[in-house]
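To start, the structure itself, in structure tokens.
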Amino acid sequence: SFICAPKNNERIATAFLSLQHICGITAIPVYYLEPNTRVHIYDDKAGISGDYVISKISLPLSYNGTMSLNATKAVDAII
């Protein structure tokens, strides 16, 4: 929740609710990706499309492994 106190001492309380859309991806390693990187994800089959911020990455130590990452839908502005 967010509380705003204007100069005239009125107290206005406004509650903001934001739903998080989280997705997990398994793919061949992309070594330049880092957490807190904004990426565009599109998968028609899964119904995912939009900008996401990477929150967690797991990279393999072997040459033939797969990476996995978790990303949260990016929110541009909360009004």
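Numbers for residues simply follow the sequence, beginning at 1. All values reported here derive from a predicted model rather than from experimental measurement.
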Same cluster for I22 and V39 if Ile/Leu/Val/Met/Phe/Trp/Tyr side chains link at under 4.5 Å?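 I22 does not cluster with V39.
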For N64, check side-chain hydrogen bond (donor to acceptor under 3.5 Å, both in side chains) against everything at least two apart and list the hits.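 side-chain hydrogen bond (donor to acceptor under 3.5 Å, both in side chains) list for N64, sorted by chain: S62.
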Below 4.5 Å, heavy atoms only, C-beta onward: do M67 and P60 meet side chain to side chain?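 Answer yes - side chains close enough.
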Can you list, pair by pair, the side-chain donor-acceptor contacts under 3.5 Å of residues 48-55, counting residues two or more places apart and other chains?
| from | atom 1 | to | atom 2 | distance (Å) |
| --- | --- | --- | --- | --- |
| D51 | OD1 | H40 | ND1 | 3.1 |
| D51 | OD2 | R38 | NE | 3.4 |
| D51 | OD2 | R38 | NH2 | 3.3 |
| S55 | OG | N70 | O | 3.1 |

Working to the nearest 0.5 angstrom, can you tell me the gap between I57 CD1 and L33 CG?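 Here the rounded value is 5.5 Å.
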In Å and rounded to the nearest 0.5 Å, what is the CG to OG1 distance from L69 to T37?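 Rounded to the nearest 0.5 Å, the CG-OG1 separation comes out at 10.0 Å.
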Salt bridge (Lys or Arg N to Asp or Glu O under 4.0 Å) pairs, two or more places apart, involving residues 22-34: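 Residue pairs with at least one partner in residues 22-34: there are none.
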Within 6.0 angstrom of I28 CD1, more than 12 heavy atoms from elsewhere: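 Count not over threshold, so no.
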Can you name the nearest heavy-atom pair linking P29 to L59, along with the distance?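 The answer is CB-CD2, 4.3 Å.
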